[in-house]
Amino acid sequence: MNSLFAILGSVFILLAALVHLMIFFMESVLFHTPRVQQIFGVRAQDAEIIKPWAYNQGFYNVFLALGAGTGLVLMGTVSMWPAGIALALFAALSMLLAAVVLITSQPKQMARPAIIQGAPPLIGIIFLVLALNVG
């Protein structure tokens, strides 16, 4: 395995996990604030109706972050690194595909959020795959 590519991939997977933790906090903890509602394009009068959905969605994001983080920890072990790479790649691929779904839902409005959500796991996936395939 190529150590440099593995390190670079790990950095981007970690960044992706941190982005998803941030999204969790916005959706599940801070959704009641006007600033977060503005970020998500939610009108104040609709916030109470959307709040349970946002709360639930936030936990999907935290679970993806935990999966990526657990994969990274396992990658650092001698005996479990193959499982760690598999878990990190699965979590990152899930994050990337969620970004694809996001941008296809409203291409003009969701391009920036989809890039923020999808670019780090995409780059992490590329580097981890290179780490496995480049001596």
Side-chain angles (χ1 to χ4, degrees):
M1 178 172 15
N2 184 297
S3 296
L4 176 61
F5 286 148
I7 291 168
L8 290 171
S10 297
V11 167
F12 280 97
I13 299 292
L14 177 61
L15 178 61
L18 293 174
V19 167
H20 281 73
L21 282 176
M22 179 188 69
I23 295 168
F24 159 75
F25 278 104
M26 290 191 314
E27 290 177 338
S28 296
V29 178
L30 301 173
F31 192 78
H32 65 281
T33 65
R35 176 68 181 128
V36 170
Q37 292 168 8
Q38 179 186 15
I39 289 169
F40 285 106
V42 174
R43 298 179 307 181
Q45 63 266 30
D46 297 331
E48 278 305 308
I49 295 168
I50 296 171
K51 188 175 179 180
W53 162 85
Y55 181 78
N56 185 48
Q57 187 68 26
F59 276 89
Y60 282 93
N61 284 295
V62 81
F63 297 147
L64 289 173
L66 290 172
T70 302
L72 293 175
V73 169
L74 292 176
M75 282 174 58
T77 66
V78 174
S79 61
M80 297 294 289
W81 70 266
I85 289 178
L87 184 54
L89 285 172
F90 176 79
L93 184 59
S94 296
M95 293 173 182
L96 176 61
L97 292 174
V100 170
V101 170
L102 183 62
I103 198 166
T104 59
S105 68
Q106 295 178 321
K108 290 182 182 178
Q109 296 91 336
M110 294 297 155
R112 184 174 183 267
I115 291 168
I116 291 169
Q117 180 179 332
L122 173 61
I123 297 167
I125 290 166
I126 291 168
F127 279 125
L128 287 184
V129 169
L130 286 173
L132 292 170
N133 291 305
V134 175

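Ile115 and Val11 end up in different hydrophobic clusters when Ile, Leu, Val, Met, Phe, Trp and Tyr side chains are linked at under 4.5 Å. By the criterion of side-chain heavy atoms lying less than 4.5 angstrom apart, applied directly or through intervening Ile, Leu, Val, Met, Phe, Trp or Tyr residues, Leu15 is not grouped with Met22; the two fall into different hydrophobic clusters. By the rule that hydrophobic residues join a cluster once side-chain heavy atoms approach within less than 4.5 Å of another member, Val62 and Leu64 end up as members of separate clusters.
Residues Ile13 and Ala68 share a closest heavy-atom pair of CG2-CB, 3.7 Å. Across all non-hydrogen atoms, the minimal contact from Ala17 to Ala65 is O-CB, 3.4 Å.
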Side chain to side chain contact (heavy atoms under 4.5 Å, CB included), that's the test. Do His20 and Gln117 meet it? Break it down for me. CA-CA 7 Å; His20 281 73; Gln117 180 179 332; 3.6 Å; yes

Verdict with supporting geometry, Val19 and Ile23, side chain to side chain contact (heavy atoms under 4.5 Å, CB included): CA-CA 6 Å; Val19 167; Ile23 295 168; 3.9 Å; yes

Carefully, step by step, assess Asn61 and Leu21 under the rule side chain to side chain contact (heavy atoms under 4.5 Å, CB included). CA-CA 7 Å; Asn61 284 295; Leu21 282 176; over 6 Å; no

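To the nearest 0.5 Å, atom CD of residue Gln57 and atom CE of residue Met26 are 11.5 Å apart. Taking CD1 of Ile7 as the start and CG of Leu14 as the end, the distance is 13.0 Å to the nearest 0.5 Å. Rounding to the nearest 0.5 angstrom, the gap separating the CG atom in Leu122 from the CZ atom in Phe127 is 10.5 Å. Summarising the geometry, atom CZ belonging to Arg43 is positioned 8.5 Å from atom CD1 belonging to Ile50; distances are rounded to the nearest 0.5 Å. Between the CZ atom in Phe12 and the CD1 atom in Ile123 there is a gap of 4.5 Å [rounded to 0.5 Å].
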Can you list, pair by pair, the side-chain donor-acceptor contacts under 3.5 Å of residues 96-114, counting residues two or more places apart and other chains?
{"residue": "Thr104", "atom": "OG1", "partner": "Val100", "partner atom": "O", "Å": "3.2"}
{"residue": "Thr104", "atom": "OG1", "partner": "Val101", "partner atom": "O", "Å": "2.9"}
{"residue": "Ser105", "atom": "OG", "partner": "Leu102", "partner atom": "O", "Å": "2.6"}

Please table the atom pairs, donor to acceptor, closer than 3.5 Å between any side-chain atom in residues 74-95 and protein atoms at least two apart or in another chain.
{"residue": "Thr77", "atom": "OG1", "partner": "Leu74", "partner atom": "O", "Å": "2.7"}
{"residue": "Thr77", "atom": "OG1", "partner": "Met80", "partner atom": "N", "Å": "3.1"}
{"residue": "Ser94", "atom": "OG", "partner": "Phe90", "partner atom": "O", "Å": "3.0"}

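By the ring-ring contact (aromatic ring centres under 6.0 Å, His included) test, Phe31 is found to be paired with no residue, residues two or more places apart in sequence or in another chain being considered.
A donor-acceptor pair under 3.5 Å is absent between the side-chain atoms of Asp46 and the main chain of Val42, judged by distance alone.
A ring-ring contact (aromatic ring centres under 6.0 Å, His included) with Phe24 is found for one member of Tyr55, Phe63, Phe59, Tyr60 and no other, namely Phe59.
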